[in-house]
**Student:** 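Below: one structure in structure tokens.
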Amino acid sequence: MRFVHLSDLHIGKRVNDFSMIEDQKYILDKITDIVKEEKADAVIIAGDIYDKSVPPAEAVQVFDDFLNGLTESVKSVYIINGNHDSAERVSFGSRQMEKGGVFIAPVFNGEIKRYTEDDEYGKINLYLLPYVKPVSVRPFFEEGTITDTYSAVKAVIDKTGIDKDERNIIVSHQFITGAERSESEEIYVGGSDNVEAEVFADFDYAALGHLHRPQHIGRETVRYCGTPLKYSFSEADHKKSVTVVDMKEKGNVEIRTIPLVPLRDMRHIKGTYEYLTEKKNYEGTGVEDYLHITLLDEEEVYDAIGRLRSIYPNIMRIDYENRRTSADNEIGTVDVGSSKSAIELFEELFRLQNNKDFTESQRELCAEIIGEIWEVAK
């Protein structure tokens with residue numbers, strides 16, 4: 001059996017107030033093409049279909065089109081909800097959709113939904129475990145059994161009664177201890193959402209969702225496929241991909257990735273305003289990409305983001321890196337008995353904040369303002 005492992009589509013997401021819907025349509029079409037070219041038997045989507053529990057209508061339409069395209073190429077599509085999804089909305093109509101080969105985990109009811117596929121090596125069991133929190137698991141177990149997310153997930157899996165002699169896949173949307181996070185993910189204080197990887201020991205493959213960087217935890221077959229697109233500048237160096245898994249005889253799992261090339265990349269570039277606006281330096285270098293620009297000018301450039309957007313229309317963030325921003329001076333309180341004049345105190349504050357001295361014109365302006373204040377105070 002060959003399947004494609006996806007997760008964290010986050011359809012409808014906005015990044016720095018930029019809608020990603022066009023980029024998502026583009027990349028989902030590319031994924032549909034890959035699924036068809038790979039002649040996959042199934043597609044697994046491990047949660048966070050949408051970015052919000054109540055997704056906008058356009059996002060629902062985009063997923064509907066994607067799902068329709070997948071079912072034209074594969075026999076089965078398996079879906080669970082993630083922490084960004086509404087379990088009730090994602091699973092709506094699931095019993096009818098099963099007739100078309102789309103299998104969606106129901107709202108958690110104390111058990112893991114299991115489906116079975118057959119290939120030349122025999123049976124493959126797929127267990128769909130939607131995103132769970134301790135509060136959603138406690139009603140189905142003895143009081144005091146569920147103390148945290150780890151004990152919740154472990155209790156549910158232990159109850160399942162897995163046949164270790166058969167091939168088993170679990171689809172889950174949780175944070176596994178030791179995994180590497182990105183800025184675009186939700187983080188829980190104190191690691192209260194942590195789950196140890198050993199809870200998946202009895203599964204031949206754990207198709208994980210929730211984390212945006214492609215990675216495996218411990219063994220190769222406990223795997224996050226990552227997002228199909230970059231959703232924060234902490235992911236600028238990530239290589240996004242589609243994970244293709246060949247499940248052969250028991251104990252033989254082959255994994256490979258196919259790179260995804262986005263409509264617009266997400267990059268961080270640095271330079272002075274003059275450098276970045278010289279045609280030879282930006283021509284043919286992805287000016288349409290989503291950019292975090294760091295200006296190296298010592299003086300702030302008036303309306304820098306507005307002026308730079310005439311060349312780079314998709315600037316998401318702009319900041320400065322210079323002597324002022326690199327200063328790490330401690331600004332304390334003024335001694336009431338200080339003999340320093342008002343202008344000397346302002347000069348000192350300016351120097352601590354900007355790591356440079358007043359210019360003559362700045363000093364004159366400051367002296368003029370101080371003089372006007374004293375006149376009013378009289």
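Quick note: numbers below take in every heavy atom, side chains included, and nothing from hydrogens, waters or symmetry partners. In this chain, numbering begins with 1 at the start of the sequence shown.
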**Student:** So, Asp289 and Arg264, do they make that salt bridge, N to O below 4.0 Å?
**Tutor:**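 No salt bridge links Asp289 with Arg264.
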**Student:** Give me the atom names and distance for the closest heavy-atom approach of Val4 to Ala40.
**Tutor:**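 Smallest interatomic distance, heavy atoms only, reads CG2-CB, 4.0 Å.
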**Student:** Can you check whether Pro313's main-chain N or O pairs, donor with acceptor, with Glu288's side chain at less than 3.5 Å?
**Tutor:**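 Pair absent, no side-chain N/O of Glu288 close to backbone of Pro313.
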**Student:** When you check the gap from the basic side-chain N to the acidic O, do Lys75 and Asp41 get nearer than 4.0 Å?
**Tutor:**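 Looking at Lys75 and Asp41, the cut-off is not met.
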**Student:** With no hydrogens and no angle check, is any side-chain donor or acceptor of Asn83 less than 3.5 Å from a backbone partner on Tyr131?
**Tutor:**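 Checking the backbone N and O of Tyr131 against the side chain of Asn83, no donor-acceptor pair under 3.5 Å is found.
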**Student:** Check whether any side-chain heavy atom of Ser7 sits under 4.5 Å from a side-chain heavy atom of Cys225, and report yes or no.
**Tutor:**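 Ser7 reaches Cys225 side chain to side chain.
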**Student:** What do you reckon, is NZ of Lys239 surrounded by more than 12 foreign heavy atoms closer than 6.0 Å?
**Tutor:**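 Atom NZ in Lys239 is not packed in, count stays at 12 or less.
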**Student:** Kindly say whether Val301 contributes a backbone atom to a donor-acceptor pair with the side chain of Tyr320 at under 3.5 angstrom?
**Tutor:**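 Side chain of Tyr320 to backbone of Val301, a donor-acceptor pair under 3.5 Å: yes, one is there.
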**Student:** Is a donor on one side and an acceptor on the other found under 3.5 Å between the side chain of Asp202 and the backbone of Lys164?
**Tutor:**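 The answer is no, because no donor-acceptor pair under 3.5 Å joins these two groups.
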**Student:** Please lay out, stage by stage, how Thr257 and Val244 fare under the test side-chain contact (heavy atoms from CB on, under 4.5 Å).
**Tutor:** CA-CA 6 Å; Thr257 58; Val244 181; over 6 Å; no
**Student:** Who are the side chain to side chain contact (heavy atoms under 4.5 Å, CB included) partners of Arg14, not counting sequence neighbours?
**Tutor:**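 Applying side chain to side chain contact (heavy atoms under 4.5 Å, CB included) to Arg14 gives Asp17, Ser19.
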**Student:** Counting only heavy atoms not in Glu249, do more than 12 sit closer than 6.0 Å to its CD atom?
**Tutor:**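 Counting other residues, nucleotides and ligands, CD of Glu249 exceeds 12 neighbours.
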**Student:** Name each donor-acceptor pair under 3.5 Å that joins a side chain in residues 29-38 to protein atoms two or more places apart or in another chain, with its distance.
**Tutor:**
{"from": "Thr32", "atom 1": "OG1", "to": "Leu28", "atom 2": "O", "distance (Å)": "2.9"}
{"from": "Glu38", "atom 1": "OE1", "to": "Arg256", "atom 2": "NH1", "distance (Å)": "3.2"}
{"from": "Glu38", "atom 1": "OE1", "to": "Arg256", "atom 2": "NH2", "distance (Å)": "2.4"}

**Student:** For residues Pro228 and Leu9, determine if any side-chain heavy atom of one lies less than 4.5 Å from a side-chain heavy atom of the other.
**Tutor:**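 With C-beta onward as the side chain, the pair touches.
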**Student:** Classify the side-chain pair Thr227/Lys240 by whether it contains a donor and acceptor separated by less than 3.5 Å.
**Tutor:**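 Yes, a side-chain donor-acceptor pair sits under 3.5 Å.
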**Student:** Ring centroid separation for Phe233 and His292, is it under 6.0 angstrom?
**Tutor:**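 Yes, the ring of Phe233 comes within the 6.0 Å limit of the ring of His292, centre to centre.
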**Student:** Got a donor-acceptor contact below 3.5 angstrom from the Gln174 side chain to the Val132 backbone?
**Tutor:**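 Present.
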**Student:** If I compare all heavy atoms of Pro262 with all of Tyr26, which pair ends up nearest, and what's the gap?
**Tutor:**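 Minimum heavy-atom contact is C-CE2, 3.8 Å.
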**Student:** Excluding sequence neighbours, so at least two apart, what forms ring-ring contact (aromatic ring centres under 6.0 Å, His included) with Phe18?
**Tutor:**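 Residues passing ring-ring contact (aromatic ring centres under 6.0 Å, His included) with Phe18: Tyr290.
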**Student:** Quick one: do Leu67 and Val102 satisfy side-chain contact (heavy atoms from CB on, under 4.5 Å)? Show the steps, please.
**Tutor:** CA-CA 9 Å; Leu67 206 53; Val102 178; 4.2 Å; yes
**Student:** Check Asp51, Leu229, Ile49 against His10 for a side chain to side chain contact (heavy atoms under 4.5 Å, CB included) and give me the one that passes.
**Tutor:**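 The residue from Asp51, Leu229, Ile49 that satisfies side chain to side chain contact (heavy atoms under 4.5 Å, CB included) with His10 turns out to be Asp51.
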**Student:** How are the rings of His173 and His210 set to each other: parallel, tilted or perpendicular (split at 30° and 60°)?
**Tutor:**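 It falls in the tilted class, 30° to 60°.
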**Student:** Relative to Tyr275, does Lys270 satisfy both conditions: NZ or CZ under 6.0 angstrom from the six-membered ring centre, and within 45 degrees of the ring's axis?
**Tutor:**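 Judged by the rule (NZ or CZ under 6.0 Å from the ring centre, within 45° of its axis), Lys270 is not positioned above Tyr275.
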**Student:** State plainly whether one hydrophobic cluster holds both Ile305 and Leu276, where clusters connect Ile, Leu, Val, Met, Phe, Trp and Tyr through side-chain heavy atoms under 4.5 angstrom apart.
**Tutor:**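 Same hydrophobic cluster.
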**Student:** One thing to verify: whether Arg309 and Asp303 come together as a salt bridge, which I'm taking to mean a side-chain N less than 4.0 angstrom from a carboxylate O.
**Tutor:**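 Result for this pair is no, no salt bridge flagged.
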**Student:** Output all residues satisfying side chain to side chain contact (heavy atoms under 4.5 Å, CB included) with Arg363, sequence neighbours left out; order by chain, then residue number.
**Tutor:**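 Once residues adjacent in sequence are excluded, the partners of Arg363 under the side chain to side chain contact (heavy atoms under 4.5 Å, CB included) criterion are Ile343, Glu347, Phe358.
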**Student:** Does the Tyr121 side chain pair with the main chain of Arg167, one donor and one acceptor, at a distance under 3.5 Å?
**Tutor:**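 Looks like no, no N/O pair under 3.5 Å.
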**Student:** Would you call Lys154 and Asp158 a salt bridge, taking side-chain N to carboxylate O under 4.0 Å as the test?
**Tutor:**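 Judged by the 4.0 Å cut-off on N to carboxylate O distance, Lys154 and Asp158 do form a salt bridge.
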**Student:** Looking at Ser53 and Ser86, what are the two nearest heavy atoms and their distance?
**Tutor:**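 Of all heavy-atom pairs spanning Ser53 and Ser86, the closest is O-CB, 3.4 Å.
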**Student:** Any donor-acceptor pair under 3.5 Å linking the side-chain atoms of Thr177 with those of Glu196?
**Tutor:**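 Result is yes, a qualifying pair exists.
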**Student:** Answer yes or no: is there a side-chain heavy-atom contact under 4.5 Å between Ile21 and Ile11?
**Tutor:**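 Result yes, sub-4.5 Å side-chain heavy-atom pair found.
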**Student:** Taking the side chain as C-beta and beyond, is there a heavy-atom pair between Ser232 and Val15 under 4.5 Å?
**Tutor:**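 Not in contact.
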**Student:** Do the side chain of Arg317 and the main chain of Asn16 share a donor and acceptor less than 3.5 angstrom apart?
**Tutor:**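 Pair absent, no side-chain N/O of Arg317 close to backbone of Asn16.
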**Student:** Hey, does the side chain of Arg138 reach the backbone of Ile146 with a donor-acceptor pair shorter than 3.5 angstrom?
**Tutor:**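 It does hold such a pair.
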**Student:** Any side-chain donor paired with an acceptor under 3.5 Å for Glu298 and Asn322?
**Tutor:**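 No, because no side-chain N or O of Glu298 sits under 3.5 Å from a partner of the opposite role on Asn322.
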**Student:** In the hydrophobic clustering (ILVMFWY, side-chain contacts below 4.5 Å, transitive), which residues join Ile44, or is it alone?
**Tutor:**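 Result for Ile44 is Met1, Phe3, Tyr78, Ile80, Phe103, Tyr115, Ile124, Leu126, Leu128, Ile169, Val171, Tyr205, Val245, Met247, Val253, Ile255.
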**Student:** Would you check, one step at a time, whether the test side-chain contact (heavy atoms from CB on, under 4.5 Å) holds for Phe63 with Ile79?
**Tutor:** CA-CA 12 Å; Phe63 185 57; Ile79 301 170; 3.9 Å; yes
**Student:** Leu296 and Ile315: same hydrophobic cluster, using ILVMFWY side-chain contacts below 4.5 Å?
**Tutor:**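 No, it is not one cluster - the side chains of Leu296 and Ile315 are not joined through contacts under 4.5 Å.
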**Student:** Taking all non-hydrogen atoms of both residues, which atom of Ala207 and which atom of Ala46 are closest, and how far apart?
**Tutor:**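 Nearest heavy atoms, Ala207 then Ala46: O-CB, 3.7 Å.
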**Student:** Do Asp165 and Lys250 sit within salt-bridge range, that is, some charged N less than 4.0 Å from a carboxylate O?
**Tutor:**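 So Asp165 does not pair with Lys250 through a salt bridge.
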**Student:** Using only heavy-atom distances, determine whether the side chains of Thr359 and Gln362 contain a donor-acceptor pair under 3.5 Å.
**Tutor:**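 Yes, because at least one side-chain N or O of Thr359 sits under 3.5 Å from a partner of the opposite role on Gln362.
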**Student:** Using the test ring-ring contact (aromatic ring centres under 6.0 Å, His included), find all partners of His216 that sit at least two apart in sequence or belong to another chain.
**Tutor:**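 By the ring-ring contact (aromatic ring centres under 6.0 Å, His included) rule, His216 matches no residue at all.
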**Student:** Ignoring hydrogens and angles, tell me if any N or O in the side chain of Asp297 forms a donor-acceptor pair with the backbone of Tyr273 under 3.5 Å.
**Tutor:**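 Yes, Asp297 side chain to Tyr273 backbone: donor-acceptor pair under 3.5 Å.
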**Student:** Between Lys280 and Glu283, does any NZ, NE, NH1 or NH2 come within less than 4.0 Å of an OD or OE carboxylate oxygen?
**Tutor:**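 Lys280 and Glu283: not salt-bridged.
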**Student:** For residues Val156 and Leu129, determine if any side-chain heavy atom of one lies less than 4.5 Å from a side-chain heavy atom of the other.
**Tutor:**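 Sidechains of Leu129 and Val156: in contact.
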**Student:** Just how far is it from atom NZ of Lys123 to atom OG1 of Thr116, taken to the nearest 0.5 Å?
**Tutor:**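 The OG1 atom of Thr116 is 5.0 Å from NZ of Lys123, to the nearest 0.5 Å.
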**Student:** For residues Ile104 and Ser91, report the shortest heavy-atom separation together with the two atoms involved.
**Tutor:**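 Nearest pair, atom of Ile104 first, then Ser91: CG2-CA, 3.8 Å.
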**Student:** Taking the side chain as every heavy atom from C-beta outward, state whether Met266 and Tyr231 have any pair of such atoms under 4.5 Å apart.
**Tutor:**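 Of all side-chain heavy-atom pairs linking Tyr231 with Met266, none is under 4.5 Å.
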**Student:** Would the number of heavy atoms belonging to other residues, nucleotides or ligands and lying under 6.0 Å from CD of Glu142 be above 12?
**Tutor:**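 Count not over threshold, so no.
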**Student:** Does a side-chain heavy-atom distance below 4.5 Å link Val107 with Phe92?
**Tutor:**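 Counting from C-beta outward, Val107 and Phe92 never come under 4.5 Å.
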**Student:** Using atom types as modelled and distance alone, determine if a side-chain donor or acceptor of Asp204 lies under 3.5 Å from a backbone N or O of Asn168.
**Tutor:**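 Such a contact is found between Asp204 side chain and Asn168 backbone.
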**Student:** What I want to check is whether the side chains of Thr160 and Glu111 have a donor and an acceptor closer together than 3.5 Å.
**Tutor:**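 There is no such pair between these side chains.
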**Student:** Step by step, would you call Ser76 with Glu117 a side-chain contact (heavy atoms from CB on, under 4.5 Å)?
**Tutor:** CA-CA 9 Å; Ser76 310; Glu117 295 269 358; 2.7 Å; yes
**Student:** Minimum heavy-atom separation for Pro55 to Val60, with atom names?
**Tutor:**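 Scanning both residues, the minimum pair turns out to be CG-CG2, 3.7 Å.
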**Student:** Quick one, Val135 and Lys133 - any side-chain contact, counting heavy atoms below 4.5 Å?
**Tutor:**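 Yes, side chains in contact.
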**Student:** Quick check on side chain to side chain donor-acceptor pair (under 3.5 Å): which of His212, Lys230, Arg213 does His238 satisfy it with?
**Tutor:**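 Of the listed residues His212, Lys230, Arg213, the side chain to side chain donor-acceptor pair (under 3.5 Å) partner of His238 is Arg213.
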